[in-house]
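Small disclaimer: the values here were computed from a predicted structure and weren't measured. Computation of the quantities below employed the complete heavy-atom set of this structure, encompassing side-chain atoms and omitting hydrogens, waters and symmetry-equivalent molecules.
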Amino acid sequence: MLYARLIVMRLLKAVVVLFLIIIFNFILIQLAPGDPAAILAGEAGATDEEFLRQLRERFGLDQPLYVQLWRYVSGIATLDFGWSYRQGMPVLDLILARLPATLLLTGTAFVLSLGLGILAGSMAAARVKKPSGSLIMALALIFYATPLFWVALMSVVLFSVYLDWLPAYGMYTVGAGHSGLALVLDIAKHLVLPATTLALFFMAIYTRMTRASMLEASQQDYVKTARAKGLSPRVIQRRHILRNALLPIITLAGLQAGQMVGGAILTETVFAWPGIGRLMFEALQQRDYNLLLGIFFFSAALVIVFNIITDLVYRLADPRIKEGS
């Protein structure tokens with residue numbers, strides 16, 4: 001009952017937030033330079049005013065701004081995100097076709113970054129005065145400071161071109177005809193480079209955050225009491241320090257999970273991963289505003305979903321948090 005009420009309240013707030021995001025994104029897109037009708041006419045080799053007028057009338061671009069906004073909002077209420085005049089398909093179909101690839105990439109990167117980050121941070125906190133602990137933090141700083149696109153390009157050069165261990169692009173081998181377990185293994189092989197590249201930056205953040213939180217928790221009175229009782233350092237580290245140090249990491253992870261969708265744009269572009277990040281890049285180049293608005297909506301919805309999940313996990317991890325907090 002407690003969590004059901006919490007979810008309902010969060011969903012009501014999410015509807016309001018999504019509505020404001022829809023309006024803001026629509027106005028922002030309208031202010032962007034470039035005329036989709038002029039671009040389509042130019043590609044068709046016809047730039048006369050009559051053809052431009054017909055295109056604007058066909059796609060509703062000749063209507064006042066408030067009319068276009070009302071049509072767009074009312075369309076979203078019925079899951080109609082408009083028509084991609086560059087792809088010649090409904091926006092919703094395009095996004096749903098690419099969304100599973102993005103969720104697979106970002107989900108894998110999220111699990112890798114969070115798991116390895118907590119593990120590395122715990123090891124660094126336990127070895128705070130040892131060379132191994134300093135080495136872990138030095139590597140975390142390097143991964144944090146290195147640009148994502150450079151890591152992506154260098155990983156392709158090293159593991160695909162030079163060593164020929166992993167494929168450099170795509171989600172699966174085109175024309176191989178794999179099915180069943182062979183297809184799963186093929187996708188997993190293609191997933192290694194983009195997921196690892198995307199995870200490295202966030203793993204560095206979780207490593208630094210875990211180490212700082214564990215060092216702070218190790219100075220608390222309950223830890224000193226556990227040491228006075230004669231508990232082993234490993235038990236104290238796992239049950240008392242790490243468990244309490246995870247609370248701020250859970251909050252950070254909820255925020256970072258939404259940011260990974262945005263970070264996937266560059267990763268999907270470099271590795272030709274067929275997700276909504278690459279689709280967003282293509283839509284931006286083609287001035288496909290309806291498709292951009294649809295991707296913005298789904299990205300915002302994913303961020304809100306991640307935040308709701310974070311609230312639930314946080315309350316499970318810390319029962320002291322009340323329903324109204």
### Summary
Rounded to the nearest 0.5 Å, the OG atom of S213 sits from the OH atom of Y206 at a distance of 12.5 Å

## Note on the structure
For A188, the side chain to side chain contact (heavy atoms under 4.5 Å, CB included) test, sequence neighbours excluded, returns none

### Message
Under 4.5 Å side-chain heavy-atom separation, chaining through any Ile, Leu, Val, Met, Phe, Trp or Tyr, what else clusters with L185? Say none if it is isolated.
### Response
L181

### Under the side chain to side chain contact (heavy atoms under 4.5 Å, CB included) test, residues paired with K13 that sit two or more places apart
R10

### For A101 against P274, the heavy-atom pair lying closest together
CB-O, 3.3 Å

### Summary
Scanning both residues in full, the closest heavy-atom pair of A124 with M137 reads CB-SD, 3.8 Å

### Query
Below 4.5 Å, heavy atoms only, C-beta onward: do T267 and W273 meet side chain to side chain?
no

### Message
By the side-chain hydrogen bond (donor to acceptor under 3.5 Å, both in side chains) test, which pairs, at least two apart or in different chains, include something from residues 100-127?
### Response
T102-E268

### Task
State the CG-CG distance between L279 and L291, to the nearest 0.5 angstrom.
4.5 Å

### Query
Under the 4.5 Å side-chain heavy-atom rule for ILVMFWY, direct or indirect, which residues accompany M123?
L119, I136

### Query
Going by the salt bridge (Lys or Arg N to Asp or Glu O under 4.0 Å) test, which pairs reach into residues 94-110, not counting sequence neighbours?
R98-E282

### Summary
Between A272 and R278, the two heavy atoms sitting closest are O-NH1, 3.5 Å

### Query
Which distance, rounded to the nearest 0.5 Å, do you find between the CG of L191 and the CG of L112?
8.0 Å

### Query
What residue pairs, at least two apart or across chains, pass salt bridge (Lys or Arg N to Asp or Glu O under 4.0 Å) with a residue in residues 117-126?
none

### Query
Hey, are the side chains of L105 and M171 touching, using non-hydrogen atoms and a 4.5 Å cut-off?
no

### Message
Suppose the criterion is salt bridge (Lys or Arg N to Asp or Glu O under 4.0 Å): which pairs have a residue in residues 15-24, not counting sequence neighbours?
### Response
none

### Message
Within the 4.5 Å heavy-atom criterion, are L302 and L99 side-chain neighbours or not?
### Response
yes

## Note on the structure
In short, L141 meets R208 closest at the heavy-atom pair CD1-NH1, 3.8 Å

Show the atom names and distances, to 0.1 Å, of all donor-acceptor pairs under 3.5 Å that link a side chain in residues 193-205 to residues at least two apart or in another chain.
residue	atom	partner	partner atom	Å
T196	OG1	V192	O	2.7
T197	OG1	L193	O	2.7

#### Entry: Residue list, ring pair (Phe, Tyr, Trp, His ring centres under 6.0 Å) with F297, at least two apart or on another chain
F81

Sequence neighbours excluded and cut-off under 3.5 Å, please list the side-chain donor-acceptor pairs for residues 16-23, or say none.
none

### Task
Sequence neighbours left out, what passes side chain to side chain contact (heavy atoms under 4.5 Å, CB included) with A168? Give chain and number order.
V156, S160

### Summary
dist F298:CZ -> L92:CG (nearest 0.5 Å) comes out at 5.0 Å

### Message
With heavy-atom distances below 4.5 Å as the criterion, would you say the side chains of V91 and S84 are in contact?
### Response
yes

### Summary
Value for NE2 (H190) from CZ (F271), rounded to nearest 0.5 Å, stands at 12.0 Å

### Message
Just verifying a value: how many Å separate T210 OG1 and I249 CD1, rounded to the nearest 0.5 Å?
### Response
3.0 Å

